[in-house]
K.L.:
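Let me give you the structure first, and then I'll get to my questions.
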Amino acid sequence: MTIDMSQFYQVFFDEADELLAEMEKLLLNIDLAAPDDEDLNAIFRAAHSIKGGAATFGFTDITEVTHVLESLLDRIRKHEMTLTAEHVDAFLSSKDVLDMLMSGHRHGSAVDEAAVQTLRARLHELSEGKAAPTPAAAAPAAPAPVAGTPPAADAAGNFHLRIELPDVSAKDADALAGELGLMGTLTRDVLPDGRAVFTLVTTETADTIVAICAFVLDPDALRITDACAAAPAAAAAAPAADFGLYDTAAPAAASAPQTPAATPAAQAVAVPAAPAAQPAAETKNFGRRATDKEAGESSSIRVSVEKVDQLINLVGELVITQAMIDQRIAALDPIHHERLLNSANQLSRNTRDLQEAVMSIRMMPMDYVFSRFPRMVRDLAGKLGKKVEFVTKGAATELDKGLIERIVDPLTHLVRNSVDHGVEMPEKRRAAGKNEAGKLTLSAAHQGGNIVIEVSDDGGGLNRERILDKAKQNGLPVSDTMPDSEVWQLIFAPGFSTAEVVTDVSGRGVGMDVVKRNIAAMGGVVDIRSVPGSGTTISISLPLTLAILDGMLIKVGDEIYILPLGYVIESLQPAPVDVKEIAGQGKVVKVREEYLPLIPLYQIFAIEPKSEEPSEGILVILESEGKKAALLVDGLVGQQQVVVKNLESNFRKVAGISGATILGDGGVSLILDVAALLRSSRQLNADSLCF
Amino acid sequence: MTEGKTILTVDDSGSLRQMVTFVLKDAGYDVVEAVDGQDGLEKAKTRHIDLVLTDQNMPGMDGLGLIRALRTMKKYQSVPILMLTTETGDDIKAQGRAAGATGWIVKPFDPARLTEVVRKLIG
């Protein structure tokens, strides 16, 4: 039977990806002084599993690399070798090489053969060169194989002999085991074809063994080889031995040591039982991790993103339909239609629950992004000669999958910047009385309907003077009295970099503006806090999901617009005395002892309002990017969850509008781009408010 | 003669488990999958299983652990148990036998060989 193995490739690759990521995580957290046995086992198992899969599915190159890796890891986890930083480095590069090989198989991308060879050579070197001196007890595995005959004696004068018996009866084999057991330490085993094979550690020579065996069998049929060289020899001699069945008597014989039948043969057999006890002990150690993993594996399924998105779209439609129903029944008489209204309320609640549940499918923990940074920071810091302690907080915080994927690049840039420009060189830190190792914190937390992601370092902080100088050079409109928060925002200007030396890490002058643009495109804002000498925090605030938002419906003239509720602070009706006209610059309004620019919405979209007088309308106070403004509207209509429809892909980009939605009555309403509105209000110039 | 015969396949690697399942189902067997020794044991307890095919190296309870645990149960005294292993070393085979395995198959294996061995044991 031939089966198409390629159908399992994807699963294998996904699995290997996960295993490699897990391996990397463990390696980065490992304590060289006292590595955790469980971690070592888990790392070993990752390499082992990948090897098994790769071999099965015919990825020879991956098998070869993982094979060397596995053997080395095996020796380390068995404490035959001590884990060193060099090992960790080599294992990490193995991860990279394996990633590259897999990507080669998956996408046909280029594979750097030289890198593969270098890695294999390095792993080989490590497994040969660094063998810890082990006591003679571990002799069968540890000493260098002595090839060829006659078998050589080890340091203690013992020969390690492998004795392959011809096809003899079990009784004869038992008898021989008894005899040979008297000459030294005997282990007994079974060959794939059912023949018995002994390994004997003895001071006697092979000739003596042959003489003894001659009592029961033909000496010519007997094969005696050096046990240390035997394993590869046997593998080569019997390539077809890919499976084997034990004869039925075997399990019984194996349990013999526990029975009182203490014949010499049974005693001899007792020897192989000893190593069998060891894995049992290991099993106990694995316990805790196993339950974690089991719970994770048995309770999740893989579903394509398209299916999830389809589900979300359908729920979006349902939410709209629900809003329509709600609006229709609102007009009904509550007494006559009490039961209908109750049911409708129930349906409303169910819809909302369903929507939340469906949205949560798309939610992924931030760990998905965070997990790639420890390695990057480690490599970067090493390259720059810096010491950086990397900490993540709130990795379990969830964010929409679409956003998570788009946040990776900006975040990578910010983390690079922090390591490169934020954290100082160890000498400089020491001179400043700080810990030599800089601390870089990446955190995520929910705040209302937003997720706030912060990249924070305890480095030198931003340099106000240098930024201002640079801004002047670039011809940006700045003044020396600008508040810090505005100065910091300058670094987001295109082509802005204050790095003294352009490194290959960051500082090419592109990036921060792209970071800001990308984040703004996700409906997020970037904020900077920096204190000279004690560090910088860059804070990104993002909506949890882009698909559905809580909106506030407002009315101007006959039009209904939607304000994302996250931007709304309050709404009020101003007293005429609080509204002041600034000559040629529009109006401001005094709200809680603070003058805010007044943005008349009717003016922006050229609509005929009910009244142009602010005191007859409603002011909605909005806040974005640390800026506040008062939006003048005719009235508030209500609050509603709206399903965001992209205007750009369905119509075209409209300035001041971030999207559209369908209202309960079936009409289309536009969602205001509050951030853009507030930006344009900064100059306090009525003309500039027109897009 | 494979009618109604159920095989329990235990492997922590999803891809290998899928592959084994595919091959065995193709050969006409019913297959129950388990992700590690503990899971395998639970499933073996609650179901009728005609043959067990287990990986050796797994987190938690490994293959040998599972074999030992199954052999202490009356209904698994004589059910064939095959061990799938990447190690070709003799000691793992000896351990398998001591634990009560019926036989072993080295990974990577030829799918045809797997069905052949299984057929030999349960028809």
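Residue numbers begin at 1 in each chain, while the letters A, B, ... track the order of the sequences.
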K.L.:
Minimum heavy-atom separation for B:M58 to A:R45, with atom names?
P.N.:
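Scanning both residues, the minimum pair turns out to be C-CD, 3.7 Å.
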K.L.:
If I take atom CD from residue B:Q56 and atom NE2 from residue A:H48, how far apart are they, to the nearest 0.5 angstrom?
P.N.:
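Result: 7.5 Å between the selected atoms.
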K.L.:
Partners of A:R106 by side-chain hydrogen bond (donor to acceptor under 3.5 Å, both in side chains), sequence neighbours excluded?
P.N.:
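Listed in chain order: A:D14, A:D17.
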K.L.:
More than 12 heavy atoms of other residues, nucleotides or ligands under 6.0 Å from NE2 of A:H67: yes or no?
P.N.:
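12 or below, so no.
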K.L.:
Between B:L114 and chain A, which part of the residue has a heavy atom less than 4.5 Å away: side chain, backbone, both or neither?
P.N.:
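For B:L114, there is no contact with chain A at all, as no heavy atom is under 4.5 Å.
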K.L.:
Mind checking what makes side-chain hydrogen bond (donor to acceptor under 3.5 Å, both in side chains) contact with A:D99, not counting sequence neighbours?
P.N.:
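Once residues adjacent in sequence are excluded, the partners of A:D99 under the side-chain hydrogen bond (donor to acceptor under 3.5 Å, both in side chains) criterion are A:K95.
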K.L.:
Would you mind checking which part of A:F57 comes under 4.5 Å of any heavy atom in chain B, side chain (CB onward), backbone (N, CA, C, O), both or neither?
P.N.:
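Just its side chain gets close to chain B.
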K.L.:
Find the distance between CG (B:N57) and CD (A:E70) and round it off to the nearest 0.5 Å.
P.N.:
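Answer for the CG-CD pair, B:N57 versus A:E70, is 8.0 Å.
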K.L.:
Under 4.5 Å heavy-atom distance to chain A, tell me which part of B:L84 shows up: side chain, backbone, both or neither.
P.N.:
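Looking at B:L84, nothing touches chain A.
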K.L.:
Calculate, to the nearest 0.5 Å, the distance between atoms CG and OG belonging to B:L16 and A:S49 respectively.
P.N.:
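Spacing of CG (B:L16) from OG (A:S49) equals 8.5 Å.
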K.L.:
Would you mind telling me which of B:L82, B:V117, B:L121 has the largest number of heavy-atom pairs within less than 4.5 Å of chain A?
P.N.:
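Sorted descending by pairs with chain A, the first entry is B:V117.
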K.L.:
Pick from B:G96, B:P80, B:G37: which one has the most heavy-atom pairs with chain A under 4.5 Å?
P.N.:
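Between B:G96, B:P80, B:G37, the count favours B:G96.
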K.L.:
Mark yes or no for whether A:E15, through its side chain, and B:S15, through its backbone, hold a donor-acceptor pair below 3.5 Å.
P.N.:
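The answer is yes, because a donor-acceptor pair under 3.5 Å joins these two groups.
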K.L.:
Evaluate whether atom NZ of A:K25 has more than 12 neighbouring non-hydrogen atoms of other residues, nucleotides or ligands under 6.0 angstrom away.
P.N.:
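Counting neighbours around NZ of A:K25, 12 or fewer heavy atoms of other residues, nucleotides or ligands fall under 6.0 Å, so no.
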